[in-house]
Amino acid sequence: MDSANRDLGKCLAEQLPALTRHEAAVESDRCLYCYDAPCTHACPTHIDIPRFIKKIASSNLRGSAETIFAANLLGATCARVCPVEELCEGACVLGSEHKPIAIGRLQRFVMDHAHEHRNYPVVKSSSTGRSIAVVGAGPAGLSCAGELARLGDKVTIFEKREMPGGLSTYGIITLREPVEIALRETRMIESMGVQIKTGIEFGKQISLDELKQKFDAVVLSTGLGKTPALGIEGEQVVLDGLEFIEASKTRTAAMSIARSVLVIGAGNTAVDCATIAKRLGAEQVTMVYRRTRREMTCYQHEYDFARREGIEFRFLTQPSRVLLDGGIPVGLECLRIELGPPDGSGRPSPQAVKGSEFVLPAGQIVKAIGQQKPALAALLGLKTSNGFITVDSNFQSSLSGVYAIGDCIRSRGAASTVMAVQDGKFAAAAIHREFARTPAHVEVS
Ligand SMILES: Cc1cc2nc3c(=O)[nH]c(=O)nc-3n(C[C@H](O)[C@H](O)[C@H](O)COP(=O)(O)OP(=O)(O)OC[C@H]3O[C@@H](n4cnc5c(N)ncnc54)[C@H](O)[C@@H]3O)c2cc1C
Ligand code: SF4
């Protein structure tokens with residue numbers, strides 16, 4: 001390894017600085033407080049955006065936080081990680097002629113104030129006497145647990161990792177969301193009465209039968225799995241993109257970064273891995289993708305960001321073998337690709353050109369080619385669609401009383417934090433509608 005960054009925190013500090021009170025006031029004054037506001041429609045959790053912005057303008061930060069929490073309990077995370085260019089800010093009426101309102105940064109300003117002062121204007125209903133188990137403390141599980149607690153249920157979350165927060169804690173790069181932001185949000189959910197039991201893996205330390213006996217309903221929000229295999233020679237030295245990001249978020253010691261890094265993949269996670277490598281000292285970072293810019297799944301603003309960071313792209317390139325010297329990667333052998341007729345994904349199929357092998361030099365190779373489908377589905381015998389858990393319009397799986405939300409059900413389209421949060425909210429409401437039709441559970445000892 002050629003470069004060892006010394007201060008991870010400094011290299012990867014949150015990209016956008018927090019707004020000052022004055023900046024937030026000036027920005028909120030620009031809002032037109034539109035009737036039937038398009039920004040609210042574009043927000044998957046339908047936060048009443050003009051209302052929370054107006055309350056900033058009148059210095060009512062508690063009221064502003066109350067408006068955000070009413071629609072989205074994970075407003076601090078969403079303010080940072082949401083692709084606002086594609087959602088609320090992309091829909092802002094000021095965007096076409098001026099600059100759209102910086103909705104994400106205003107929301108972050110309000111949420112930071114609420115979390116820093118532990119001032120949570122969230123109203124809870126009286127106890128229902130019901131108890132619900134949630135498996136997985138990512139955004140979907142936390143949102144669902146918080147909403148159920150708000151409705152008066154006793155909720156316990158079982159989480160296999162040491163820290164709660166799911167990908168907000170371990171997977172979203174610090175430039176967008178530091179670990180502490182995700183953790184203080186989970187502490188807020190706990191302050192609402194939700195118990196989070198970490199270090200407990202469902203399927204190993206606790207079974208579905210046990211949960212069904214002890215709780216009135218079970219919600220699965222276990223997300224997806226590890227990065228799938230590339231299936232090429234020498235893969236054992238290729239770093240897993242999710243683990244690479246996790247190390248950059250949770251390690252305090254320096255990370256070893258090679259002078260030249262290749263990232264295999266073309267989605268947002270691949271851009272994140274490339275950004276980290278660059279920020280931590282790699283001189284040359286190249287993303288390798290077998291299709292073209294047109295088929296890349298990362299957002300346009302992520303692509304533009306990567307270009308500004310100096311990241312290079314090799315399109316129509318398919319890895320075929322890792323070249324090693326004494327067990328250390330020195331290069332990636334690739335094949336040139338020609339695009340053929342659409343495949344099952346609807347995109348042009350990549351077809352390797354025979355005899356077109358060439359080598360890209362690399363001291364480190366990272367793969368970021370998505371996540372494995374949820375393993376739990378097969379284990380529990382749940383009905384699946386394309387490997388994802390199938391749910392009905394109430395988020396109920398093929399097993400009665402077992403619900404599923406978040407990435408583990410997202411069989412189509414891009415998954416995002418805000419969609420997971422909205423699933424949690426809808427599932428909590430659906431569970432309550434179901435309860436309204438059935439008598440309360442009585443525990444028999
Ligand atoms: C690298 C990366 C970057 C991303 N960046 C963004 C972004 O910038 N913006 C955005 O909107 N979205 C982003 N996403 C997507 C977003 O993070 C997810 O859509 C969101 O986290 C899904 O929430 P979830 O709760 O369904 O799953 P997860 O966040 O994956 O949480 C699942 C939780 O379940 C736990 N769990 C799993 N199995 C078990 C078990 N058997 N027992 C107990 N616990 C279990 C896991 O440990 C985890 O804590 C990103 C995703 C990745 C991979
Ligand atoms: S669309 Fe823009 S101007 Fe209108 S309410 Fe939303 S943020 Fe304000």
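Please read all numbers here as calculations on a predicted model, not as lab measurements. In each ligand, atom 1 is the first atom listed, and ligand 1 is the first ligand listed.
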Nearest-contact summary for [atom] - protein heavy atom, Å:
{"atom": "atom 4 (Fe) of ligand 2", "answer": "C34 SG, 2.3 Å"}
{"atom": "atom 46 (C) of ligand 1", "answer": "E159 OE2, 3.5 Å"}
{"atom": "atom 9 (N) of ligand 1", "answer": "V81 O, 2.8 Å"}
{"atom": "atom 6 (Fe) of ligand 2", "answer": "C39 SG, 2.3 Å"}
{"atom": "atom 42 (N) of ligand 1", "answer": "F202 N, 2.9 Å"}
{"atom": "atom 31 (O) of ligand 1", "answer": "G138 CA, 3.4 Å"}

Short list, please: which atoms of ligand 1 are under 4.0 Å from a heavy atom of [X]?
{"X": "G166", "result": "29 (O), 31 (O), 48 (C), 49 (O)"}
{"X": "Q371", "result": "53 (C)"}
{"X": "R161", "result": "47 (O)"}
{"X": "D272", "result": "3 (C)"}

Hey, is ligand 1 close enough to [X] that some N/O pair sits below 3.5 Å?
{"X": "T417", "result": "yes"}
{"X": "I245", "result": "no"}
{"X": "S168", "result": "no"}
{"X": "D407", "result": "yes"}

>> Under 4.0 Å, counting heavy atoms only: does S221 come that close to any atom of ligand 1?
In response: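 True for this residue.
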>> With a cutoff of 4.0 Å, is M419 in contact with ligand 1, counting heavy atoms of the residue only?
In response: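 Contact absent.
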>> Assess whether a salt bridge exists between K367 and E235, defined as any Lys/Arg side-chain N lying under 4.0 Å from an Asp/Glu carboxylate O.
In response: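 Yes, this pair counts.
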> Heavy atom under 4.0 Å from ligand 2: found in I103's side chain, backbone, both, or neither?
Replying inline: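 Within the 4.0 Å criterion, I103 contacts ligand 2 through side-chain atoms alone.
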> Hey, looking at atom 6 (C) of ligand 1, which of T169, T77, I172 has the closest heavy atom?
Replying inline: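 Going through T169, T77, I172 one by one, I172 has the nearest heavy atom to atom 6 (C) of ligand 1.
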> Do E190 and Q195 have side-chain N/O donor and acceptor atoms under 3.5 Å apart?
Replying inline: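 No, no side-chain donor-acceptor contact under 3.5 Å.
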>> If only side-chain N and O atoms count, and only distance matters, is there a donor-acceptor pair under 3.5 Å linking S411 with N386?
In response: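 Their side chains do not contain a donor-acceptor pair, so the 3.5 Å distance test is not met.
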>> Side chain, backbone, both or neither: which applies to Y170 and ligand 1 if a contact is any heavy-atom pair less than 4.0 Å apart?
In response: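 Y170 to ligand 1: no contact under 4.0 Å from either part.
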> Backbone, side chain, both or neither: what part of L242 comes under 4.0 angstrom of ligand 1, heavy atoms only?
Replying inline: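 For L242, only side-chain atoms sit under 4.0 Å from ligand 1.
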> With a cut-off of 2.8 Å, does C31 place any N/O/S atom under that distance from atom 8 (Fe) of ligand 2?
Replying inline: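 Yes, within the cut-off.
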>> Go through it in stages, so that I can follow the logic: the residues are D153 and H432, the test is side chain to side chain donor-acceptor pair (under 3.5 Å), and I'd like the CA-CA distance, side-chain angles, deciding distance and then a yes or no.
In response: CA-CA 9 Å; D153 295 332; H432 267 252; 2.5 Å; yes
Please tabulate, for the side chains in residues 84-95, all donor-acceptor contacts under 3.5 angstrom to protein atoms that are two or more places apart in sequence or on a different chain.
unit_1: E86; atom_1: OE2; unit_2: H301; atom_2: ND1; d: 3.3
unit_1: E89; atom_1: OE2; unit_2: I103; atom_2: N; d: 3.0
unit_1: E89; atom_1: OE2; unit_2: G104; atom_2: N; d: 2.9

> Once the angle between the rings of F215 and F158 is folded into 0 to 90°, is it parallel (under 30°), tilted (30 to 60°) or perpendicular (over 60°)?
Replying inline: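 Ring orientation, 0 to 90° scale: perpendicular.
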